[in-house]
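Since the structure comes first, as structure tokens, the remarks are kept for the end.
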Amino acid sequence: MDIRFSGVTKIFHPDITALEDIYLEIPKGEFVYLVGPTGSGKTTLLRCITREVSPTRGQITVGSFSLRKISRVDLSYFRRDIGIVFQDFCLLPHLTVFENVAFVLEVVGAPPREVKERTGEVLDQVGLWYRRAWYPPQLSGGEQQRVAVARAIVGTPAILIADEPTGNLDLHMAEEILNLLISINEFGTTVIMATHNQHLVDTYRQRVVAIHTGRVARDEKLGRYELDGRP
Ligand SMILES: Nc1ncnc2c1ncn2[C@@H]1O[C@H](COP(=O)(O)OP(=O)(O)O)[C@@H](O)[C@H]1O
Ligand SMILES: [Mg+2]
């Protein structure tokens with residue numbers, strides 16, 4: 001699913017302009033770093049893609065869905081095609097690793113055998129099958145984030161959104177998570193990652209979209225975190 005923003009402005013009540021006249025195209029299968037200072041509009045932009053936020057002006061299309069006009073029924077199908085990872089892992093502490101991931105498929109009514117197989121498959125993919133019976137508080141931060149990634153991709157989404165997924169991790173664990181996201185991207189999933197991690201952006205080079213006070217300040221195919229000392 002290609003993502004296209006045309007002239008997107010978001011003004012939060014009463015007068016906070018979070019995004020201003022954004023034009024952006026993200027073709028299917030791309031990996032994009034979204035960088036910019038705190039408060040520049042990264043999370044708002046990501047929440048526009050998931051349609052948790054509706055623009056004040058402008059249009060957003062994702063695949064064949066026009067988000068302004070999308071019906072409630074289509075929205076629930078659309079959301080199944082998007083996986084999300086947050087900075088704080090948002091796992092359910094009283095469920096095991098396996099249950100945290102399987103839960104996603106159960107709520108959409110997948111048959112039990114499929115739930116079991118697919119959950120096992122993604123836990124393997126993130127290297128945590130051997131931790132399947134553990135509870136999130138027993139895991140390291142990096143492992144918890146890998147569970148969160150497994151949960152985000154278990155439904156085989158076309159798009160994976162990660163909002164500062166390495167914000168709470170040390171560099172080693174952050175690299176592990178990034179490598180995981182890159183490998184997911186290599187299988188064809190679009191990955192959009194908001195980040196403040198300059199080392200990752202400059203080491204594992206990908207497209208960089210820099211946001212400044214709600215505007216696209218820079219968009220480079222193989223970009224860096226900063227340009228001329230400016231983010
Ligand atoms: N729900 C909201 N209501 C009001 N203002 C908001 C809301 N969400 C974000 N903002 C404001 O929009 C601006 C951009 O925020 P955000 O998208 O969270 O930036 P970033 O993720 O880059 O730190 C900030 O000024 C923030 O305070
Ligand atoms: Mg943010």
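Numbers here are sequence positions counted from 1. Worth saying up front: this structure is predicted, and the values here are computed from it rather than measured. Order of listing sets the numbers, starting from 1, for every ligand and every atom in it.
Electrostatic pairing of R118 and E121 counts as a salt bridge here, judged by a charged N lying under 4.0 Å from a carboxylate O.
For the atom pair L123 CG and R151 CZ, the distance stands at 12.0 Å (nearest 0.5 Å).
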task: Evaluate the side chain to side chain contact (heavy atoms under 4.5 Å, CB included) criterion for residues I182 and Q206: first the C-alpha distance (whole Å), next the side-chain angles of each, then the deciding distance (0.1 Å), finally the verdict.
output: CA-CA 10 Å; I182 289 174; Q206 304 282 354; 4.0 Å; yes
- request: May I have the step-by-step check of side chain to side chain contact (heavy atoms under 4.5 Å, CB included) for V209 and V216, ending in yes or no?
  value: CA-CA 7 Å; V209 173; V216 175; 4.2 Å; yes
message: Test side chain to side chain contact (heavy atoms under 4.5 Å, CB included) on I159 and D81; report intermediate values, then the result.
response: CA-CA 6 Å; I159 299 168; D81 238 342; over 6 Å; no
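Contact annotation: for A194 versus ligand 1, there are no heavy atoms closer than 4.0 Å.
Some N or O of G41 is nearer than 3.5 Å to an N or O of ligand 1, by distance alone. Residue-to-ligand polar distances place S40 within reach of ligand 1: an N/O pair is separated by less than 3.5 Å. In terms of N/O distances under 3.5 Å, ligand 1 is not approached by R47.
Ligand 1 lies within reach of P37, whose nearest heavy atom is under 4.0 Å from it.
Near T38, with a cut-off below 4.0 Å to any heavy atom, the atoms of ligand 1 are 23 (O).
With a 4.5 Å cut-off on side-chain heavy atoms, Y204 and N197 do not count as touching. Here the side chains of I26 and R207 are in contact, with some heavy-atom distance below 4.5 Å.
The nearest N, O or S atom of T43 is closer to the Mg ion (ligand 2) than 2.8 Å.
The protein heavy atom nearest to atom 9 (C) of ligand 1 is F12 CE1, 3.5 Å. The closest protein non-hydrogen atom to atom 20 (P) of ligand 1 is G39 N, 3.5 Å.
Looking only at distances, a side-chain donor or acceptor of R79 sits under 3.5 Å from a matching main-chain atom of R51. Of the possible polar contacts, none joining the R47 side chain to the V53 backbone as a donor-acceptor pair under 3.5 Å is found.
Contact annotation for atom 12 (O) of ligand 1: protein present (non-hydrogen atoms, distance under 4.0 Å). Within the 4.0 angstrom cut-off, atom 26 (C) of ligand 1 has no protein heavy-atom neighbours.
Nearest-residue assignment for atom 17 (O) of ligand 1 (options T44, V53, T213, L45; heavy-atom criterion): T44. Compare T43, I16, L19 by their heavy atoms: the one nearest to atom 18 (O) of ligand 1 is in T43.
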